[in-house]
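Naming convention: chains lettered A, B, ... in sequence-line order (proteins, then strands); numbering from 1 in each chain.
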Amino acid sequence: MTIDVKFFASLRERLGRSGAQLDIAEAATVAEVWQHCTEQAMPANVLMAVNLEYVQAEHPVHDGDEVAFFPPVTGG
Amino acid sequence: MTIDVKFFASLRERLGRSGAQLDIAEAATVAEVWQHCTEQAMPANVLMAVNLEYVQAEHPVHDGDEVAFFPPVTGG
Amino acid sequence: MQIEITPEPLYPWQRLEAYERQLAQIGKYGATAVFVGTMRDFNEGDDVAAMHLEHYPEMTEKYLRNIADQAMQQWSLLDVMIVHRVGSIQPNETIVLVAAWSAHRADAFDASRHLMELLKSRAPFWKKETLNSGTTRWVEKNTPG
Amino acid sequence: MQIEITPEPLYPWQRLEAYERQLAQIGKYGATAVFVGTMRDFNEGDDVAAMHLEHYPEMTEKYLRNIADQAMQQWSLLDVMIVHRVGSIQPNETIVLVAAWSAHRADAFDASRHLMELLKSRAPFWKKETLNSGTTRWVEKNTPG
């Protein structure tokens with residue numbers, strides 16, 4: 001299945017890319033998507049979204065999902 | 001001593017006057033000023049001020065004081 | 001700090017824009033909280049055509065200055081504005097404008113709300129409504145915030 | 001209801017004036033509570049020269065619409081506005097404008113503050129500051145309100 005991965009802000013800069021197209025064989029969680037994409041442990045304060053909604057690391061992902069990782073938000 | 005008495009809003013209309021110059025012989029309280037000025041019992045919700053500051057009915061008045069009586073406020 | 005009681009129509013957004021243009025603390029405030037009270041065309045189930053706002057000029061001005069001074073001491077504020085209409089007012093016209101400027105949003109929010117509650121509960125203003133039917137009546141009391 | 005994310009300069013008072021001119025509920029709202037967040041020229045003890053605001057376009061817009069919809073259900077509101085800048089911002093420019101219109105002041109106050117707290121804590125925006133020294137740095141986290 002194909003997962004559209006996005007990184008934002010300081011996380012994007014640290015990883016050196018704004019995203020990835022991920023092809024993985026089987027159903028996985030958001031945490032596994034992170035592991036497939038990076039060679040780093042996930043920082044404790046990283047926030048995650050699937051298809052534009054906040055989720056936790058153990059949230060399942062499905063074919064075609066958009067999975068985003070980003071640091072604590074600082075708008076307003 | 002001379003007391004400058006003022007009435008506002010619905011109280012002014014009910015009493016038919018916006019104020020009075022009161023000459024009384026001896027020191028008195030705000031409640032006594034009301035009694036000298038009107039022939040009515042003081043309504044329970046009347047607010048009182050002496051020299052532009054809120055006071056209670058038993059507050060003393062002195063020569064030259066401005067004493068005001070008015071209904072609950074409804075600004076804003 | 002600006003405290004004003006005015007019989008003239010009050011345009012809150014123009015007023016704020018003009019006031020901010022001459023604020024000395026440019027770049028220092030991160031948070032502005034504003035409340036605008038507007039005359040509604042209904043009250044207590046009746047259609048209201050017009051309103052007259054009476055006040056106790058010296059005491060009202062003194063009271064508003066006092067609460068603004070106290071707010072400046074109680075919170076970390078850079079500036080405060082209170083403007084209130086008196087006299088004849090039509091539906092949809094602005095009655096009151098309260099604004100608080102701070103470096104921090106909690107102070108701006110807390111101060112603007114506190115000022116409105118004090119103004120509503122203790123500032124000597126009185127509203128007399130003219131209903132669509134032609135009847136006039138004094139507003140009896142303000143609702144708690 | 002107006003929800004907007006814009007790279008253009010934002011003039012909050014002009015914006016509110018223009019928006020109110022076309023509000024359908026004229027005469028029905030008695031209370032408008034507004035919060036404006038402005039870029040300061042200092043942060044964490046340093047002088048800040050400029051800022052860049054990044055966001056996650058689709059998610060940010062969706063999130064802001066969701067919290068506005070929820071606020072309309074949670075309180076008795078007639079209208080809600082949220083406008084937020086993205087891109088390059090200079091000190092003293094407006095970052096965010098939140099406004100809530102209601103017949104009652106408690107609803108307007110509660111809703112505007114609640115929307116700001118949700119926006120600050122969960123809307124996917126990120127600030128990168130350029131200090132006067134030329135150094136750039138990501139703002140690490142928002143302070144609680």
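- Using a 4.5 Å cut-off between heavy atoms, Asn51(A) contacts chain D through its backbone alone, with no side-chain atom that close.
- A 6.0 Å sphere centred on CD of Gln56(A) holds no more than 12 heavy atoms belonging to other residues, nucleotides or ligands.
- The aromatic rings of Phe8(A) and Trp126(D) sit parallel to each other, their planes meeting at less than 30°, with 60° as the upper class boundary.
- Comparing Ala49(A), Pro71(A), Ala9(A), Ala68(A) by how many heavy-atom pairs each has under 4.5 Å with chain D, the most go to Ala9(A).
- Thr60(D) does not touch chain A: none of its heavy atoms, backbone or side chain, sits under 4.5 Å away.
- Residues of residues 132-141 of chain D that come closer than 4.5 Å to chain A, counting heavy atoms only, are Trp138(D), Val139(D), Glu140(D), Lys141(D), ordered by residue number.
- For Phe42(D), the CZ atom counts as densely surrounded, since its 6.0 Å shell holds more than 12 non-hydrogen atoms of other residues, nucleotides or ligands.
- Without hydrogens or angle criteria, Tyr56(D) side chain to Lys6(A) main chain gives no donor-acceptor distance under 3.5 Å.
- The side chain to side chain donor-acceptor pair (under 3.5 Å) search around Lys62(D) returns Glu53(A), not counting sequence neighbours.
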Point to revise | Chi angles and distances behind the side chain to side chain contact (heavy atoms under 4.5 Å, CB included) call for Tyr63(D), Leu52(A) | key: CA-CA 8 Å; Tyr63(D) 180 81; Leu52(A) 314 181; over 6 Å; no

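- Nearest approach of Arg122(D) to Leu47(A), heavy atoms of both residues: NH1-CD2, 4.4 Å.
- Arg12(A) places a side-chain heavy atom less than 4.5 Å from the side chain of Glu54(D).
- Of the atoms belonging to His55(D), it is backbone heavy atoms, and not side-chain ones, that fall under 4.5 Å from chain A.
- In this structure, Lys128(D) contributes its side chain and Ser10(A) its backbone to no donor-acceptor pair below 3.5 Å.
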